[in-house]
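These notes are about the structure you will find just below.
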Amino acid sequence: MALETSIDQASGRVPITIVALKGELDASNFTELIEDVRRLYEEGSRDLLLDLTDLAFMASSGLVALHSILRLMHGEAPPDPEAGWGALHSLGLDVSGGGTQTEVQLCGPQGPVERVLTRTGLSRLFLIHPDRASAIAAF
Amino acid sequence: MALETSIDQASGRVPITIVALKGELDASNFTELIEDVRRLYEEGSRDLLLDLTDLAFMASSGLVALHSILRLMHGEAPPDPEAGWGALHSLGLDVSGGGTQTEVQLCGPQGPVERVLTRTGLSRLFLIHPDRASAIAAF
Amino acid sequence: MSDSAERSEASARTLRVPSELGQLAALRDFLRTAADEAGVGDAGAADLVQAVDEAATNAMIHGHAGRPGWVEVDVATKDDRFVVNVRDDAPGFDPTTVQSPDLSVHPANRRPGGMGVLLARLCVDEMTYRPRPGGGNILTLVRRFERNGKEDR
Amino acid sequence: MSDSAERSEASARTLRVPSELGQLAALRDFLRTAADEAGVGDAGAADLVQAVDEAATNAMIHGHAGRPGWVEVDVATKDDRFVVNVRDDAPGFDPTTVQSPDLSVHPANRRPGGMGVLLARLCVDEMTYRPRPGGGNILTLVRRFERNGKEDR
Ligand SMILES: Nc1ncnc2c1ncn2[C@@H]1O[C@H](COP(=O)(O)OP(=O)(O)O)[C@@H](O)[C@H]1O
Ligand SMILES: Nc1ncnc2c1ncn2[C@@H]1O[C@H](COP(=O)(O)OP(=O)(O)O)[C@@H](O)[C@H]1O
């Protein structure tokens, strides 16, 4: 099962770019996802919803992709995949107030993907909605 | 994918027992199919339709099962699976007139299963119908 | 040849199963997935699955004959050739020496069985045998296919 | 122990793939099928798939690091334990010595990455390492499960 990415637009209070992932996100394809989002940012997308409903598997490299996507959507220098994961730095987000960023939000994670987000604490970086409709309403 | 067998009754000009096979018929399960048919014969079935529509794979051991089923339905001593395939003898059917027996008929074989029947010449032992309805009409 | 054979044994995608008939389904799934990935096409994939199933079944039933052992299948694509090696650690036996049943005889007058090697042969373009260095058998099955526009990567 | 390890290497159901990230999907499929057959349950199967994917990915990325090589996974069920060995021929590395990231630090203040070994560990009940006789590594992952009424045959 490879990874398929499909891109939609929706309008909440802001224009939302929806990236729906289908299949398995692993070390063989996570950089493609980063590149897709880099392109979307360059084309003007500023608010991103990752729809994980049909994502059957996410490796820890998928978490690196989420981290990188967050950086990209905050206008930080896009990480260079050639330089390896070690080249990525921690996010310059201010989390002292306990608030969560809203530029990148997630929806629909199924059991296995949700457990990965929870076990690694990455879920704390994102607002996670049960489905696409409630996510769009939240932007 | 294991083998699932489901049994139905239908009435054409004679009462027909329909054995529908789903999954894969191979060396690990072909004797179960023979035993199912042995039991049906002992319970009084005399005309048998094997519905192969959902059979995705048939190994050469499946051909041995077809051979054995034909023997059983002609009231010949049921072969003893313990004695191995070598213990089965050729069928005592009279094929000199070119006629085909009608007690066991087949329907619905898909590409792979049909090719097995054709390549080995076993298709000559059976009337093979495209679907269940036309098979029932032919009994 | 032994050198390249051993290199392929080391690094091609390979599934090894214990010699139990209940493992045949896993071998078939493995072949189906690999043939699909290679773009062999539905009929070609089904034929490869059939040939490998027959070879593996014979290794288990006639080769190991109830004794413990393993059967191993590796796959590789070389240009327009899908190449499968079926290896086992059973006593040496060359199936290409098996005499084919006479298909001109009506099946009602044939003994059942004896169709496996023939079927395997009919399902592939090449079937070659060699003993496995260290003991056992290697049966190589090749099926040609059209690389219909699939990218070479 | 080396004896029983080598026997298991010989006869358990085993998938070997070349060290290429594109082969990870085949390893996951293999695990999923085997765990389903064993009746491990959906969540247990998903966790085993996750753990094996992380271990195999590390062997490929950090172990072989672009050099040719192979990764091999074998599976067995022993009572209520589903046991997976992940073997490779990469330079020796014991992942059980890797220090876990501090999960109390907010992820915004952590570096990305460094989650693979931790995730694998969290997904199984036991993780043990030993060097592979002849070179390489063997990581053994065990997940317990309830044999809910499945027949012992
Ligand atoms: N791997 C093997 N080891 C030993 N004998 C074999 C092997 N494969 C085939 N044979 C012999 O060849 C015969 C024909 O095999 P096959 O065409 O597959 O038909 P079947 O297995 O139904 O008898 C077998 O009956 C057996 O005697
Ligand atoms: N098989 C291996 N061979 C060599 N080094 C490894 C191996 N597995 C893990 N490591 C080392 O341990 C570190 C942590 O691994 P991991 O938790 O999987 O995170 P990541 O791979 O994202 O860095 C790696 O960065 C690497 O330095």
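Quick note on labels: first sequence line is chain A, next is B, and so on, each numbered from 1. All of these numbers come straight from a predicted model, not from anything done at the bench.
Closest approach of A:E24 to D:A25, counting heavy atoms only: OE1-CB, 4.2 Å. Closest approach of A:S60 and D:G116 over heavy atoms only: OG-CA, 3.5 Å. Between D:I61 and A:A27, the closest heavy-atom pair is CD1-CB, 4.2 Å. Looking at every heavy atom in both residues, A:R115 comes nearest to D:A43 through NH2-CA, 3.7 Å. Of all the heavy atoms in A:A59 and D:D53, the pair that sits closest is CB-OD2, 3.3 Å. Contact record, D:L103 with A:T120: CD2-O, 3.5 Å, taken as the closest heavy-atom pair.
Put simply, of D:D42, D:D29, D:D47, the one with the most heavy-atom pairs under 4.5 Å next to chain A is D:D47.
Around the CD atom of D:Q99, the shell of radius 6.0 Å holds no more than 12 heavy atoms that belong to other residues, nucleotides or ligands. The local environment of CG in D:D79 is sparse, with at most 12 non-hydrogen atoms from other residues, nucleotides or ligands closer than 6.0 Å.
With a 4.5 Å cut-off on non-hydrogen atoms, D:L119 touches chain A through its side chain but not through its backbone. Neither the backbone nor the side chain of D:R121 comes within less than 4.5 Å of any heavy atom in chain A.
Using a distance-only test at 3.5 Å, with no hydrogens or angles considered, a donor-acceptor pair links the side chain of D:Q50 to the main chain of A:M58.
The distance from atom CZ of A:R119 to atom CE of D:M115, rounded to the nearest 0.5 Å, is 13.5 Å. Distance check, rounded to the nearest 0.5 Å: CG of A:L63 to CZ of D:R110 gives 9.5 Å. How far OG1 of A:T118 is from CG of D:L122: 11.0 Å, rounded to the nearest 0.5 Å.
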